Amino acid sequence: MTSPQRAPGGFPVVGIIGGGQLARMCAAPAAELAITLSVLAEASDAAAALVVPSSPVGDHRDVEAVRAFARECDVVTFDHEHVPPDVLAALEADGVALHPSPAALVYAQDKLAMRHKLTEIDVACPAWAQARTVADVEAFAEQVGWPFVAKTPRGGYDGKGVRVVSEVDELSDWLAQAESDAAQGSGPLRDGILLEEKVDFVRELAVLVARSPSDQAAAWPVVETVQTDGICTEVLAPAPDLDPHLAAVATEAGLRIAENLGVTGVFAVEMFEVRDPETGGPAYVVNELAMRPHNSGHWSMDGAVTGQFEQHLRAVLDLPLGAPAPREPFTVMANVLGGDYPELYPAYRHIMARDPGLKVHLYGKGVRPGRKIGHVNVSGSDLGDLRERAGHAADYLSGVITE
C-alpha cells in the first residue's frame with residue numbers, strides 16, 4: 001500500500017475508511033486546511049477516489065487491509081458506519097486514533113443499543129421495545145396499538161430495514177431470522193427487532209453538532225428535513241418558524257447526547273417535532289443518530305461560516321472548531337436522485353447557466369434510479385423562492401423536468 005504524500009510543515013494525514021460522497025466532500029476543505037487526506041476506497045472509481053490522490057483500494061471488512069491503511073495516517077475517521085467490530089478492535093489494539101471511537105460508534109451501528117442509551121440519559125424517544133417472539137410483538141401492540149414501526153437494529157439506511165406493520169404476520173420472516181441469528185450468535189437480528197410507536201409528528205428536524213476530543217463543541221441551527229419514500233429530498237436551514245424554546249432544547253439534547261456517548265467529529269441527531277401530550281406545545285422525540293457528516297448538514301457547505309466537512313476535519317484533529325453560524329437567513333438543500341438520464345454534464349451546464357446563484361455538488365457516481373448522486377444549495381432571504389430554485393435544479397438533473 002503506497003504512503004500518502006505528506007505536506008511540509010508537520011501537517012497531519014487524515015485517513016477515511018470508505019470512499020463515498022462524504023469522504024469526497026472532505027477533499028476541498030482538507031486542501032484549504034493544508035491537511036492530507038487518504039481514503040480506503042471500495043474501488044478505484046469510488047466517489048472519493050476520483051478526487052483524492054491517495055485512495056488505495058481495500059475492503060473495510062478486511063482487517064489486515066484496514067490496519068495497513070491506518071498505519072499511514074495520524075487519525076482515522078469514517079465515511080460510513082459499517083466497519084465491523086473486529087476490525088475496529090484491531091485498530092484500537094494498534095493504538096490508532098479513531099474518531100468516533102468504537103465505544104461511541106456502536107450507538108449508530110446498533111439501534112437497540114442507541115435506544116437503551118438514550119433512555120438511560122433521559123432523552124425523549126418514541127415508545128419502544130425489543131422483540132424476539134410473537135408474544136413480544138403482541139405485547140407491544142397492546143401497549144401502543146397498531147400500526148407501529150419495526151426496524152432491523154443493524155444495517156438499515158434511507159428507509160431500508162424499516163417496516164410499518166399492522167399485524168404480527170408481517171414480521172414472521174424477521175422473527176424467524178431473529179431466532180436463527182440468536183442461535184448462531186451473529187447476524188443483524190441476533191438481538192431481536194426494534195419496535196417503535198408510529199409517531200404522529202408535525203415535521204422532521206435534525207440537529208447537527210461537532211465535538212472534539214478536548215470537549216469543545218459547536219452546533220449548527222436546527223434544520224427541517226423533508227422525506228420522500230424514506231429518502232431525504234430537501235433540507236431547510238434553519239427550520240422555518242421553529243419555536244425558539246424547541247430549538248434550544250433540541251440543540252441541548254444534541255450536545256448532551258454527543259457528550260454522554262463520547263462522540264468525536266460531526267454528529268447528527270434526527271428528530272420528530274411533536275406536540276407535548278400534556279401542554280400541547282412543541283416538543284421532540286429522537287428518531288436516529290449518525291456519527292459522521294450527514295445529509296442534513298450538506299447545506300452548511302455553502303450556507304454556514306464553517307461547513308460540516310471542514311468542521312469534521314477540525315474536530316477529529318482536535319483543532320479549534322469554526323463558527324457554525326449561517327451566512328444568509330435561509331439555505332435550501334435539494335438532493336439530486338438518479339433518473340433515466342446517465343449523461344449529467346449537459347444538464348449540469350444548463351442549470352448553472354439558468355441560475356448562477358446555485359451551488360451544485362455532484363458525487364461522481366453512476367446514475368441509478370433513486371440513488372443520491374448529488375445535491376444543490378441556494379441561499380437567500382425568500383424561502384419560497386429558494387425552494388423553487390433548488391427543487392427545479394434537482395429535478396432537471398434527475399430528468400424529472402426538461403425545461
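Note that the structure is predicted; figures quoted are calculated from it, not measured. Every heavy atom of this structure was used, including side-chain atoms; hydrogens, water molecules and symmetry mates were not.
For the pair D355 (side chain) and I351 (backbone), a donor-acceptor distance under 3.5 Å is absent. Using a distance-only test at 3.5 Å, with no hydrogens or angles considered, no donor-acceptor pair links the side chain of E72 to the main chain of A68. Side chain of D79 to backbone of A23: a donor-acceptor contact under 3.5 angstrom is found. T36 contributes a side-chain N or O that, together with a main-chain N or O of Q5, makes up a donor-acceptor pair within less than 3.5 Å. Between the R314 side chain and the P320 main chain, a donor and an acceptor come within less than 3.5 Å of each other. Looking only at distances, a side-chain donor or acceptor of S300 sits under 3.5 Å from a matching main-chain atom of G297.
No more than 12 heavy atoms of other residues, nucleotides or ligands lie within 6.0 Å of CZ in R387, so this atom counts as exposed by the packing criterion. Enclosure of atom CG in D200 is not indicated, since only 12 or fewer non-hydrogen atoms of other residues, nucleotides or ligands lie within 6.0 angstrom. Around atom CD of E197, more than 12 heavy atoms belonging to other residues, nucleotides or ligands sit under 6.0 Å away.
The aromatic rings of Y396 and H350 lie parallel to each other, with less than 30° between the two planes, well short of the 60° mark.
Taking both residues in full, the closest heavy atoms of V207 and G254 are given as CG1-CA, 4.2 Å, listed atom of the first, atom of the second, then distance. Nearest heavy atoms, P240 versus E224: CD-OE1, 3.5 Å. The two residues A27 and V51 come nearest to each other via the heavy atoms CB-CG2, 4.1 Å.
The line from CD1 of I17 to OG of S38 is 10.5 Å long, rounded to the nearest 0.5 Å. Interatomic distance, CZ of R163 versus CZ of F148, reported as 12.0 Å (0.5 Å rounding). In this structure, the separation between CG on D94 and CZ on R71 is 7.0 Å, given to the nearest 0.5 Å. Summarising the geometry, atom CZ belonging to F330 is positioned 11.5 Å from atom OG belonging to S379; distances are rounded to the nearest 0.5 Å.
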side-chain hydrogen bond (donor to acceptor under 3.5 Å, both in side chains) between S214 and D318, intermediate numbers included: CA-CA 7 Å; S214 59; D318 211 10; 2.8 Å; yes
Pair R354-H392, side-chain contact (heavy atoms from CB on, under 4.5 Å): steps then yes or no: CA-CA 10 Å; R354 183 181 187 273; H392 180 279; 3.3 Å; yes
Working for side-chain hydrogen bond (donor to acceptor under 3.5 Å, both in side chains), residues Q21 and K365: CA-CA 9 Å; Q21 65 257 30; K365 291 184 168 185; 2.5 Å; yes
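Counting only heavy atoms from C-beta outward, the side chains of T306 and P324 never approach each other to under 4.5 Å. For the pair D74/V14, no side-chain contact is recorded, criterion being any heavy-atom separation below 4.5 Å from C-beta on. In this structure, M25 and H375 have side chains that are in contact, with non-hydrogen atoms separated by less than 4.5 Å. Between T331 and V378, the closest side-chain pair of non-hydrogen atoms is not below 4.5 Å. Side chains of L50 and R24 form a contact here, defined as non-hydrogen atoms less than 4.5 Å apart. Residues L105 and L88 are in side-chain contact: their nearest non-hydrogen atoms beyond the backbone lie under 4.5 Å apart. Here the side chains of M291 and L261 are in contact, with some heavy-atom distance below 4.5 Å.
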For residues 333-342, which side-chain N or O atoms pair as donor and acceptor with protein atoms under 3.5 Å away, sequence neighbours left out?
| unit_1 | atom_1 | unit_2 | atom_2 | d |
| --- | --- | --- | --- | --- |
| N335 | OD1 | N295 | ND2 | 3.3 |
| N335 | ND2 | C232 | O | 2.5 |
| N335 | ND2 | N295 | OD1 | 2.7 |

Hey, can you pull the donor-acceptor pairs under 3.5 Å for the side chains in residues 124-137, sequence neighbours left out?
| unit_1 | atom_1 | unit_2 | atom_2 | d |
| --- | --- | --- | --- | --- |
| W128 | NE1 | T119 | OG1 | 3.1 |
| Q130 | OE1 | H116 | NE2 | 3.3 |
| Q130 | NE2 | D191 | O | 2.8 |
| T133 | OG1 | A135 | N | 3.4 |
| T133 | OG1 | D136 | N | 3.1 |
| T133 | OG1 | D136 | OD2 | 3.3 |
| D136 | OD2 | R132 | N | 2.8 |
| D136 | OD2 | T133 | N | 3.2 |

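Q308 and H298 share a side-chain donor-acceptor pair at under 3.5 Å. Remark: the Q184 side chain and the S180 side chain contain an N/O donor-acceptor pair separated by less than 3.5 Å.
For the side-chain contact (heavy atoms from CB on, under 4.5 Å) criterion with R203, the lone passing option out of M271, Q227, E273 is E273.
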